[in-house]
Each structure stands twice: as structure tokens, then as C-alpha cells.
Peer 1: 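The structure under discussion is supplied below as C-alpha cells; questions concerning it will follow.
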Protein chains: 2
Amino acid sequence: MKENTSPIYYADATPLLLAVDCIIFGFDRDSLKLLLFQRKVAPFQDEWSLIGSFVKQEESVLKAAERVLKTHTGLTNVFMEELGSYGEVERDPGARVISIAHYALMRLAEEYKQIDQTYKAQWFEFDQLPDLILDHHQMVQDALEKLRRKTRYRPIGFELLPEKFTIPQLRMLYEVIYQRPLDRRNFRKKILSMKILEKLEEKDKTSSRKGAFLYRFNPEKYQEMVKRGVDFVI
Amino acid sequence: MKENTSPIYYADATPLLLAVDCIIFGFDRDSLKLLLFQRKVAPFQDEWSLIGSFVKQEESVLKAAERVLKTHTGLTNVFMEELGSYGEVERDPGARVISIAHYALMRLAEEYKQIDQTYKAQWFEFDQLPDLILDHHQMVQDALEKLRRKTRYRPIGFELLPEKFTIPQLRMLYEVIYQRPLDRRNFRKKILSMKILEKLEEKDKTSSRKGAFLYRFNPEKYQEMVKRGVDFVI
DNA sequence: AAAGATAAGCGTTATTTTTACACTTCATAA
DNA sequence: TTATGAAGTGTAAAAATAACGCTTATCTTT
């Protein structure tokens with residue numbers, strides 16, 4: 001309707017196909033995982049792939065990515081952020097498609113089975129990834145690099161853990177992401193010194209007789225820290 | 001031709017207009033500047049705007065951004081990196097256009113006049129920016145934030161300086177970007193301790209009687225530092 | 001020709017942050 | 001009742017950062 005009443009601008013420009021793809025990270029006790037899908041359409045039907053979709057005329061790019069995530073995992077309110085665009089001319093032999101990749105961080109344990117059963121999807125360990133179509137392997141590598149950088153300077157690691165977690169669990173997460181051991185005692189001191197975690201009364205006893213106290217990330221406290229001019233760094 | 005012999009995939013997807021926009025930073029002695037253009041086409045003709053263009057069928061997104069930069073500044077080999085996509089449905093009343101913003105860092109002094117005269121372009125101080133069309137002001141703010149973060153952890157500040165520069169000039173650049181004073185002596189020590197600069201015999205005497213030695217950033221030395229596992233941080 | 005001015009450059013000390021590592025505690029299993 | 005093993009606490013050394021005084025080189029002024 002709008003198109004009929006308004007003058008037509010940009011008439012000389014060529015429209016292109018624009019897609020979004022999602023790199024979905026999960027963390028399960030002691031390993032980082034990636035959610036992959038068996039592609040339903042040609043070309044490359046049935047091969048392993050990131051999940052994606054074309055951006056529709058009447059939805060924003062971000063909304064498109066959120067739609068993809070919701071459709072294939074059933075989840076909303078998942079941390080997601082733009083990774084970047086993949087715009088080489090020949091990247092998709094099916095057609096000229098530009099893809100804007102997004103990466104998402106999921107609390108895995110809770111939703112693990114649900115996703116697995118409903119869709120042709122599977123969680124993969126990072127050292128056992130199958131071949132991926134197009135430039136999806138590059139996207140995954142770039143996302144991993146971004147995750148490593150970003151978790152260091154921003155409090156997004158919590159998005160990969162359940163709401164309540166222990167300090168050792170949090171440390172394990174960072175060890176897996178950074179691929180190197182972190183001193184138990186120094187890690188605890190550092191994270192607690194930021195005063196961005198709430199200590200709960202409950203303990204998690206799944207990994208020791210003694211049990212470890214559960215904590216919760218408190219975004220308000222994080223904001224206060226930022227106001228104080230203190231940087232989040234791990 | 002390809003389209004004729006291959007099966008047609010993705011037939012149900014709607015093509016969209018995809019553009020690139022460039023946020024062009026420059027640094028001139030003691031101030032950070034932004035290159036803006038008077039828009040040539042409707043809507044918003046003659047208003048101040050970032051420079052951009054539609055991505056063509058047969059060029060990559062990056063190539064499109066480089067083309068824009070070359071066309072309007074005459075320069076190639078300029079540092080440029082993707083900022084992110086701007087994909088709200090109503091962001092451009094002219095049509096549904098998704099823009100992938102890129103930011104570029106230019107050695108200003110050398111090219112200052114040339115650009116100014118050839119195109120309807122003008123360098124603006126950051127505290128004196130005119131109103132900008134569409135979401136371009138947001139793009140500029142986002143680019144500024146990215147520049148602040150990125151210059152801290154990556155050696156890209158040099159892209160804004162002439163090839164040969166003095167330590168005080170480099171410090172001034174960082175002071176302008178961070179908007180806070182840095183201790184002369186500690187700054188010098190820190191940057192020299194990285195051993196990524198080459199000291200030259202020449203002096204620059206434009207800002208003191210004594211004159212300051214000129215240095216040159218050495219990418220090879222920077223790579224060595226990275227290999228040694230040392231982080232670049234200022 | 002000497003004195004004054006000023007940014008460039010060098011050095012020292014105090015403070016804070018990071019690293020390394022020893023010891024104690026808690027709750028269960030044997 | 002005791003042995004076990006991760007959770008949690010403490011402390012000292014080392015490294016990085018911040019604060020700041022002093023000297024040097026060269027031009028301008030007298």
C-alpha cells in the first residue's frame with residue numbers, strides 16, 4: 001500500500017537475497033557445544049548446517065534471527081548478538097545470498113532433550129564437528145573467537161549457565177572457553193571481588209560431598225560496578 | 001548465464017535492498033573528525049549524511065564498501081572494518097533498505113583538502129555534528145564506541161596518524177579518543193615497552209623547540225609480540 | 001652571547017593487581 | 001569413626017600501573 005502512494009525511490013538498485021544464520025552455543029557441565037541442523041532444502045539437502053532463514057520484507061534483521069531461534073528451539077529470551085555479515089558473491093552456489101550471522105548462548109541442560117527430539121537437530125562437541133555447508137565453518141570459527149573475546153570483557157558467560165550456578169561451575173565454563181586452566185582460588189577471589197553475584201543459601205552437591213554454594217548473577221549489581229568505573233575482566 | 005543453466009533455488013524468498021554506509025574517521029593534530037556528505041538523491045536530498053551505496057549483484061559487501069570509499073575519497077588501502085547491520089523495517093522511508101555499516105580510519109592531514117574540494121563533503125568535529133538522515137547518527141555513535149573499545153586492544157590507532165609520528169602525537173590521539181588525559185611519562189613507557197615501534201633519526205619540530213623523535217609502527221614487531229603472548233592494551 | 005621558556009625525555013617510588021601456592025572445612029562413604 | 005575429595009580461606013611474592021620530580025635540547029628573547 002505504501003509503495004503505491006509514495007514516490008518510488010532507489011529504482012535503479014538491485015534487490016538481493018538476505019538471510020540470517022544462527023551460531024547456537026550451549027554448555028553442558030564441562031563442554032561447549034554447538035547446535036547443528038540437517039538442512040531441509042536444496043542445494044545441500046540433508047547436510048549439516050547452521051540454522052537460518054531469509055529476512056522477510058516486513059521484519060527486521062534481528063526479528064528474523066529471533067524467529068529462526070524460536071522456530072527451531074522453541075526458545076525466546078535467549079542471548080543473541082550479531083556476529084557480522086558474510087557477503088562474498090559466490091558464497092552460496094544456490095544464488096547470491098548475503099547472510100548476517102548471529103550467535104546465541106543457551107542454558108543447555110534444561111532444554112537439551114526437547115530440541116533434540118522435535119527437530120532434526122543435534123548438539124556437537126567442538127572437537128567433533130561434522131563438515132558444514134557453505135561458509136558455515138568460517139562463521140563458527142569467527143563466532144568462537146568472538147565468544148572468547150567477549151566473555152572476557154562482558155558478563156555474558158552467565159547466559160550459558162543455569163540461573164543458579166556454583167563458582168566452580170563458572171570457572172569450568174571459562175576454562176572450556178579459554179582452553180586453559182584457571183587457578184581455583186584466584187578465580188573465586190576475582191569474580192567475588194566484583195560483587196556482581198548473589199550468594200544463595202542452597203548448595204549444589206552433584207560434584208562433591210561438601211557441596212558448593214549456588215550463586216546468581218545480578219545485572220543491577222553489574223550496572224553499579226560499571227557506574228563505579230570498574231571493568232569486568234576475567 | 002549461471003541462472004539459466006542451474007536450477008532456481010530459494011524461489012520463495014523476497015529480495016531486499018542492501019546498502020553499505022561508511023563512517024569515516026579522521027584525526028587532525030588534536031581533534032577527531034568525521035567525514036560527512038551532502039546527499040545527492042531523494043529522499044533527503046542535500047541533507048548531511050554518511051556516504052553509502054547499494055550493494056551490487058556482482059560485488060561482495062566488502063567490495064561495495066571499498067568502492068564507496070574509493071569513489072568519494074579517491075583512496076584505497078584505507079583501514080576499514082564492518083561495524084554491523086542496521087535492519088529495522090522502517091529505517092528508511094524511501095524503501096525497505098538494510099544497511100551494513102563500515103567504519104574507516106584515515107590519515108587526515110595528507111588528504112584533507114583534496115576530498116573537500118572534489119566532492120560535496122566536509123570534515124566535522126565530533127562536538128559540532130549536523131543533523132544526519134535516517135539512523136546515521138546512531139551509526140556514528142556505535143562506531144565511536146567501537147573505535148574506543150577497539151583502539152584500546154588493537155593497534156589500529158596508527159591508521160589515524162601519518163606513517164611517521166611522535167610519541168606525544170600518539171598520546172594526543174588516545175587522549176582525544178578516550179576523552180581523558182594520559183600521563184606523558186607512563187604512556188611513553190607503556191607503548192615503548194611493547195617494542196612495536198621503530199625509532200627514526202628524524203625529529204618533528206612543529207610542536208616544540210626541542211623537537212620529538214619520529215617513530216613508525218612495525219606490524220612485524222607487533223606480530224612477534226602477539227606470538228610472545230603479550231597483549232596490546234593502552 | 002646569555003638567559004629564559006617549553007615540550008621532550010628519563011628515572012624513582014608508592015600503590016594496586018596478579019600470580020603462586022599452603023592450609024582448613026565440610027559432608028559423605030567406607 | 002575415619003578417610004576422602006572438592007569447596008573455601010589466607011598469605012606472600014612478583015609484576016604491572018600510577019604518580020610525580022628532574023634533566024635535556026633547542027628556539028626565542030633580551
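These numbers come from a predicted model, not from an experiment. Proteins get letters first, then strands, A, B, ... in listed order; numbering begins at 1 in each.
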Peer 1: Can you find a donor-acceptor N/O pair under 3.5 angstrom joining the side chain of A:Lys210 to the base of C:dA27?
Peer 2: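 Not at all, since no donor on one side and acceptor on the other fall under 3.5 Å apart.
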Peer 1: Just the rounded figure in Å: distance from P of C:dT17 to CD1 of A:Ile191.
Peer 2: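 Distance, rounded to whole Å: 16 Å.
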Peer 1: Let me spell it out: for each of A:Ile167 and B:Arg184, pick the nucleotide of DNA chain D with the closest heavy atom. Which residue's pick is nearer the 5' end?
Peer 2: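 Closer to the 5' end of DNA chain D: A:Ile167.
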Peer 1: Using atom CZ of A:Arg188 as one end and atom P of C:dT17 as the other, report the distance to the nearest whole Å.
Peer 2: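 Taking CZ of A:Arg188 and P of C:dT17, I get 20 Å after rounding.
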Peer 1: Less than 4.0 Å between a side-chain N and a carboxylate O, is that true for B:Glu47 and B:Arg39?
Peer 2: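 Result for this pair is no, no salt bridge flagged.
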Peer 1: List the steps and the verdict of side-chain contact (heavy atoms from CB on, under 4.5 Å) for B:Leu18 and B:Val55.
Peer 2: CA-CA 6 Å; B:Leu18 183 67; B:Val55 177; 4.1 Å; yes
Peer 1: A quick test of your reading: do over 12 heavy atoms of other residues, nucleotides or ligands sit less than 6.0 Å from CD of A:Gln141?
Peer 2: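 Count over threshold, so yes.
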Peer 1: Specify the separation, in whole Å, of atom CD of B:Glu202 and atom C1' of D:dA25.
Peer 2: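 Atom-to-atom, B:Glu202 to D:dA25, this comes out as 18 Å.
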Peer 1: May I have the distance from A:Phe213 (atom CZ) to C:dA27 (atom P), rounded to whole angstrom?
Peer 2: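 Checked: the CZ to P distance equals 8 Å.
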Peer 1: Heavy-atom nearest nucleotide on DNA chain D for A:Thr166 versus B:Arg209: which residue maps closer to 5'?
Peer 2: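 Per heavy-atom nearest nucleotide, the more 5' residue is A:Thr166.
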Peer 1: Is B:Lys205 touching bases, backbone alone, or none of the nucleic acid, heavy atoms closer than 4.0 Å?
Peer 2: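 Sugar-phosphate, no base atom in range.
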Peer 1: Scan A:Leu147, A:Ile177, A:Val140 and name whichever one has a side-chain contact (heavy atoms from CB on, under 4.5 Å) with A:Phe25.
Peer 2: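 Passing option: A:Leu147.
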Peer 1: Do any side-chain nitrogens or oxygens of A:Lys203 fall under 4.0 Å of OP1 or OP2 in C:dA27?
Peer 2: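 Yes, such a contact exists.
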Peer 1: Of all the nucleotides listed (D:dT17, C:dG11, C:dT19), which has the minimum atom distance to the side chain of A:Lys189?
Peer 2: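 My answer, after comparing the listed nucleotides, is C:dT19.
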Peer 1: In whole angstrom, give the distance that lies between atom CG of B:Leu214 and atom P of C:dG9.
Peer 2: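 Result: 9 Å.
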Peer 1: Can you tell me if B:Ser208 touches the phosphate of D:dT26, counting only side-chain N or O atoms and a distance under 4.0 Å to OP1 or OP2?
Peer 2: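 B:Ser208 to D:dT26 OP1/OP2: no side-chain N or O under 4.0 Å.
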